[in-house]
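Structure record follows, encoded as structure tokens.
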Amino acid sequence: MFIVIDSTGLKVYGKVNGNKEARDKQAADVKLHLAVDEKTGLVIAHVLTENGKGDRDAQQVEEMLGQVEPPVDRFSGDGAYDTCKVWVLLKNWK
């Protein structure tokens with residue numbers, strides 16, 4: 001399997017007494033981390049984190065690998081995933 005991994009920031013809005021201005025001020029920033037099977041395009045792993053609270057991309061790889069069935073032949077992500085920790089995880093992951 002060839003895994004492609006990345007993340008995106010999202011704003012989550014809630015209702016505050018129907019007041020749009022109040023609602024905008026209470027928007028939550030979250031980050032959605034996704035792992036996709038390159039062949040099928042299906043999402044095979046995901047993690048949702050609060051922005052600024054342990055949301056670094058490389059920090060999510062271990063949890064996402066825990067959601068994936070081995071074997072993984074190839075792994076691709078942007079520079080945020082190019083860390084020693086990720087390389088060690090991939091090398092030792094079974």
Side-chain angles (χ1 to χ4, degrees):
M1 179 183 327
F2 177 11
I3 293 178
V4 179
I5 192 169
D6 207 355
S7 66
T8 187
L10 303 170
K11 273 208 184 295
V12 179
Y13 296 93
K15 286 188 177 181
V16 181
N17 300 326
N19 182 331
K20 182 183 183 316
E21 289 76 24
R23 186 175 64 227
D24 289 348
K25 290 178 186 172
Q26 294 197 3
D29 288 321
V30 295
K31 200 165 189 182
L32 179 61
H33 308 264
L34 296 171
V36 176
D37 181 333
E38 185 271 339
K39 185 175 183 180
T40 65
L42 295 175
V43 174
I44 56 174
H46 66 280
V47 175
L48 186 66
T49 58
E50 285 188 53
N51 217 357
K53 296 186 178 179
D55 66 336
R56 298 213 188 279
D57 295 343
Q59 292 175 321
Q60 308 313 315
V61 172
E62 186 170 14
E63 185 172 342
M64 284 194 281
L65 286 177
Q67 299 173 37
V68 175
E69 294 273 333
V72 173
D73 302 312
R74 292 179 60 199
F75 177 94
S76 181
D78 63 18
Y81 299 96
D82 191 11
T83 67
C84 289
K85 180 181 177 181
V86 170
W87 287 107
V88 169
L89 281 170
L90 292 169
K91 182 178 177 183
N92 297 322
W93 185 64
K94 294 176 176 44

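For reference, positions follow the sequence shown, starting with 1.
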In Å and rounded to the nearest 0.5 Å, what is the [atom1] to [atom2] distance from [X] to [Y]?
X	Y	atom1	atom2	result
Gln60	Leu32	CD	CG	10.5 Å
Leu65	Ile44	CG	CD1	9.0 Å
Leu10	Leu48	CG	CG	7.0 Å
Ile3	Glu38	CD1	CD	11.5 Å

State, with a plain yes or no, whether a side-chain heavy atom of Asp29 is found less than 4.5 Å away from one of Lys11.
yes
Ile5 versus His33: any side-chain heavy-atom pair under 4.5 Å?
no
Would you list the pairs meeting side-chain hydrogen bond (donor to acceptor under 3.5 Å, both in side chains) in which at least one residue belongs to residues 81-90, sequence neighbours left out?
Asp82-Trp87
Closest non-hydrogen atom pair, Val86 against Ala58
CG2-CB, 3.7 Å
I'd like to know if the side chain of Asp73 and the backbone of Met1 have a donor-acceptor N/O pair within less than 3.5 Å.
yes
In the hydrophobic cluster built from side-chain contacts under 4.5 Å, what are the other members alongside Phe2?
Val4
Answer yes or no: are there more than 12 heavy-atom neighbours, outside Gln67 itself, under 6.0 Å from its atom CD?
yes
